[in-house]
Student: 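Sending over a structure as structure tokens; questions will come in a sec.
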Amino acid sequence: MLIIIDTCILQNDIFLDGVKIDTLCTYAPIRGIKVALPMVVFNEKVNHYREDIIEKSKSLITAIKNFRKLSQKLGSIYPEENIDSAEDLVKKYSDYLRSRCSTLNIDFLPYPKSNIPELLQKDLLAKKPFKKKGVGYRDAFIWDTILESLKPTDKILDEPQIIFITENTTDFYDSEKKCLHPDLKEELVKKGFPEESVVVSKSIDEVIKEYLSTKQSALEKEKDKLKKLPYIGETDLYQQFADDAENQLRSDLDDNDNWNLIKLGFNSVLETPELTDFQLKDIDITDIRLLPDKRILIKLKGVAETYIEGFVDKSDYYLNDGFKGECVSASDWNDYMMSVDIQREFLVQANIITNPYFSEILSSDIDVSYQ
């Protein structure tokens, strides 16, 4: 079996050091499963970093120059910019990512030998993963990579050859957003593969639960103890969870990538969103597992009650029915925009890895999503 990861799954794990990818790559070899990134995904991730670091470095240099203007006549001396060029950082990031993938035993899948006329025909017919108007070539290359990774077999499938982890429900999933799109199943059959030879999954957690969890060892007694006294060493686990969740939500709202706003249920319509209040409630430890290397995996979830301010185009505001009652207040900002204050709840989930003695948090990641 081969697990292939899409770019969107790694959106918030820039350096591939999150708990989810760590756990997946720890368990997969035990089951004889390989984890892989298509080169399309690798280069797309590097390009996302390039776009982000160029924008941030320009903002930083501008801020330093403005600081000097305000301070130099008052005797304050600010050091010269000593910032690596954006392209230097991109090269370092690319090298780091390759090294990190090697550490995690993630393979790279080469660019596919795509049949261009065949791709063009699929594009013209708007066959998945294409959208209308010629959008979807990167997704098409990822799908061709998947097809080229399949191997002929006379085995009666009781499990798929490939699990493709992607949140892209528009281009790879059926209308119910549960299974592979019928266009893609049809293509599998045409190429001589059973339609069940490739399955889609929306998250790394889902794959671990479905295909790898039989190798995990539950620690129910420790879970009960931790619920009564939620401390890892001197760290209040619940407070750390709340702080990390708030920071993650602020980061998602501040991110220029529309993907995070869509994940938060705003569908790219909310401009300059700002978190004004955050409370995490109903915190629960849902699972504790012993990893093969004796580290401990702890899963938590909670519900975030929030207030978020922002601006919405008037047409979008009314098309969204005023955010379906979530709007606490709304007022005209100008002829085109509304100023809104939205009350919204989010599901927050965390994966935390500790040492075997529950005395130190080694790594953690947080996911915030709209219900």
Side-chain angles (χ1 to χ4, degrees), residues 1-54 84 86-114 138-151 160-168 172 198-208 210-212 215 255 257 259 291-293 295 297 351-353 362-367:
M1 187 187 293
L2 178 65
I3 296 172
I4 296 178
I5 304 174
D6 197 4
T7 316
C8 53
I9 296 298
L10 305 174
Q11 186 78 11
N12 293 318
D13 191 358
I14 298 173
F15 296 103
L16 298 188
D17 56 359
V19 173
K20 293 178 185 177
I21 192 71
D22 187 339
T23 306
L24 177 70
C25 293
T26 297
Y27 277 107
I30 297 172
R31 290 284 308 274
I33 298 172
K34 290 188 176 182
V35 180
L37 283 185
M39 283 306 299
V40 181
V41 169
F42 176 85
N43 286 320
E44 193 172 13
K45 189 161 178 63
V46 171
N47 190 58
H48 285 170
Y49 179 85
R50 175 185 285 106
E51 292 172 349
D52 201 27
I53 201 68
I54 286 174
D84 287 351
E87 286 305 320
D88 286 344
L89 286 171
V90 171
K91 175 65 167 59
K92 290 179 181 178
Y93 177 70
S94 178
D95 292 343
Y96 168 85
L97 211 56
R98 287 181 181 277
S99 174
R100 181 63 181 156
C101 285
S102 176
T103 300
L104 292 169
N105 292 314
I106 296 175
D107 294 335
F108 291 116
L109 302 176
Y111 278 99
K113 301 178 179 67
S114 298
R138 274 182 286 187
D139 288 334
F141 284 132
I142 291 172
W143 176 245
D144 278 1
T145 300
I146 291 172
L147 291 176
E148 290 186 11
S149 299
L150 289 168
K151 297 177 181 178
Q161 272 200 57
I162 291 176
I163 304 167
F164 180 40
I165 311 179
T166 179
E167 292 177 340
N168 185 351
F172 289 105
V198 177
V199 298
V200 282
S201 182
K202 297 186 187 75
S203 71
I204 290 175
D205 278 341
E206 196 175 278
V207 170
I208 291 172
E210 180 71 20
Y211 297 97
L212 305 177
K215 294 294 181 180
D255 197 330
D257 195 321
W259 185 266
L291 298 175
D293 57 6
R295 293 177 302 162
L297 171 65
N351 294 285
I352 294 173
I353 289 181
L362 303 177
S363 61
S364 65
D365 57 35
I366 296 280
D367 183 68

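Below, each value reflects all heavy atoms present in this structure, side chains not excepted, and no hydrogens, waters or symmetry copies. The chain is numbered in sequence order, starting from 1. Bear in mind the structure is a predicted one, so any value in this text is a computation, not a measurement.
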Student: Taking ring pair (Phe, Tyr, Trp, His ring centres under 6.0 Å) as the test, write out the residues that go with Tyr49, two or more places apart.
Tutor: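 Tyr49 satisfies ring pair (Phe, Tyr, Trp, His ring centres under 6.0 Å) with Tyr93 only.
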Student: Identify, with sequence neighbours excluded, every residue that meets salt bridge (Lys or Arg N to Asp or Glu O under 4.0 Å) alongside Asp367.
Tutor: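 With neighbours one apart ignored, the set is Lys263.
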Student: Can you tell me which residue pairs pass the salt bridge (Lys or Arg N to Asp or Glu O under 4.0 Å) test with a partner in residues 33-44, sequence neighbours excluded?
Tutor: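 Salt bridge (Lys or Arg N to Asp or Glu O under 4.0 Å) check on residues 33-44 returns Glu44-Arg138.
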Student: Any idea which heavy atoms bring Thr145 and Pro112 closest together, and the distance?
Tutor: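 Looking at all heavy atoms of both residues, the shortest contact is OG1-CD, 3.4 Å.
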Student: So do the side chains of Ile353 and Thr23 get within less than 4.5 Å of each other, counting heavy atoms only?
Tutor: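 Touching, per the 4.5 Å side-chain cut-off.
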Student: Just distance, no hydrogens or angles: give the donor-acceptor pairs under 3.5 Å from side chains in residues 99-107, sequence neighbours left out.
Tutor:
| unit_1 | atom_1 | unit_2 | atom_2 | d |
| --- | --- | --- | --- | --- |
| Arg100 | NE | Leu16 | O | 2.7 |
| Arg100 | NH2 | Leu16 | O | 3.2 |
| Thr103 | OG1 | Ser99 | O | 3.1 |

Student: Shortest non-hydrogen contact from Ile208 to Leu24?
Tutor: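 Smallest interatomic distance, heavy atoms only, reads CD1-N, 3.9 Å.
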Student: Looking at CD1 of Ile204 and CD1 of Ile165, how far apart are the two atoms once the value is rounded to the nearest 0.5 Å?
Tutor: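 Nearest 0.5 Å value for the CD1-CD1 distance: 5.0 Å.
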Student: Checking the side chain of Asn351 only, and the main-chain atoms of Val19 only, is there a donor and an acceptor separated by less than 3.5 Å?
Tutor: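 Such a contact is absent between Asn351 side chain and Val19 backbone.
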Student: Of all heavy-atom pairs between Glu167 and Lys202, which one has the smallest distance, and what is that distance?
Tutor: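 Shortest heavy-atom separation between Glu167 and Lys202 comes out as CG-O, 3.3 Å.
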Student: Of all the heavy-atom pairs spanning Leu37 and Ile5, show the shortest one and how long it is.
Tutor: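 Taking Leu37 first and Ile5 second, the nearest heavy atoms are CD2-O, 3.7 Å.
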Student: Please identify each residue that fulfils side chain to side chain contact (heavy atoms under 4.5 Å, CB included) with Asp95, with sequence neighbours left out.
Tutor: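 Checked Asp95 against side chain to side chain contact (heavy atoms under 4.5 Å, CB included); matches are Lys91.
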Student: Between the side chain of Asp13 and the main-chain N/O of Asp17, is any donor-acceptor distance below 3.5 Å?
Tutor: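 Yes, because the side chain of Asp13 sits within donor-acceptor range (under 3.5 Å) of the backbone of Asp17.
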Student: Working to the nearest 0.5 angstrom, can you tell me the gap between Ile142 CD1 and Leu109 CG?
Tutor: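 If I round to the nearest 0.5 Å, the distance is 10.5 Å.
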Student: Is the shortest side-chain heavy-atom distance between Gln161 and Leu2 below 4.5 Å?
Tutor: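 When only atoms from C-beta onward are counted, Leu2 and Gln161 do not touch, as no gap falls below 4.5 Å.
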Student: If I take atom NZ from residue Lys45 and atom CD1 from residue Ile14, how far apart are they, to the nearest 0.5 angstrom?
Tutor: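 Those atoms lie 6.5 Å apart.
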Student: Taking side-chain hydrogen bond (donor to acceptor under 3.5 Å, both in side chains) as the definition, give me every residue that meets it alongside Thr26, ordered by chain and number, with sequence neighbours left out.
Tutor: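 Once residues adjacent in sequence are excluded, the partners of Thr26 under the side-chain hydrogen bond (donor to acceptor under 3.5 Å, both in side chains) criterion are Asp22.
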Student: Could you list the residues that satisfy side-chain hydrogen bond (donor to acceptor under 3.5 Å, both in side chains) with Asp205, not counting sequence neighbours?
Tutor: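 If we apply the side-chain hydrogen bond (donor to acceptor under 3.5 Å, both in side chains) test to Asp205, skipping adjacent residues, the hits are Lys299.
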Student: With sequence neighbours excluded, tell me which residues meet ring pair (Phe, Tyr, Trp, His ring centres under 6.0 Å) with Tyr111.
Tutor: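 Counting only residues at least two positions away or on another chain, Tyr111 forms no ring pair (Phe, Tyr, Trp, His ring centres under 6.0 Å).
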Student: Do any N or O atoms from the side chain of Asp52 and from the backbone of His48 form a donor-acceptor pair under 3.5 angstrom?
Tutor: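 No; judged by distance alone, with no hydrogens or angles, the pair does not exist.
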Student: Quick check for you: to the nearest 0.5 Å, what is the distance between Asn43 atom CG and Thr7 atom OG1?
Tutor: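 Reported to 0.5 Å precision, the distance equals 10.0 Å.
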Student: Would you say the side chain of Ser94 lies within less than 4.5 Å of the side chain of Phe42, judging by non-hydrogen atoms?
Tutor: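 Yes - at least one pair of side-chain heavy atoms lies under 4.5 Å apart.
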Student: For Asn168, give me all partners under side chain to side chain contact (heavy atoms under 4.5 Å, CB included), at least two apart in sequence or on another chain.
Tutor: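 Applying side chain to side chain contact (heavy atoms under 4.5 Å, CB included) to Asn168 gives Asp6, Asp139, Thr166, Thr170, Asp171, Phe172.
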Student: State the CZ-CD1 distance between Phe164 and Ile3, to the nearest 0.5 angstrom.
Tutor: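 With rounding to 0.5 Å, CZ (Phe164) is 12.5 Å from CD1 (Ile3).
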Student: Drop me the distance from Lys151's NZ to Ile162's CD1, to the nearest 0.5 angstrom.
Tutor: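 CD1 of Ile162 is found 9.5 Å from NZ of Lys151.
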Student: For Glu206, enumerate each residue passing the side-chain hydrogen bond (donor to acceptor under 3.5 Å, both in side chains) test, keeping only those at least two apart in sequence or located in another chain.
Tutor: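 For Glu206, the residues satisfying side-chain hydrogen bond (donor to acceptor under 3.5 Å, both in side chains) (neighbours in sequence not counted) are Ser201.
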Student: Suppose we screen for salt bridge (Lys or Arg N to Asp or Glu O under 4.0 Å). Which residues come up paired with Glu87, at least two apart in sequence or across chains?
Tutor: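 Partners of Glu87 under the salt bridge (Lys or Arg N to Asp or Glu O under 4.0 Å) test: Arg50.
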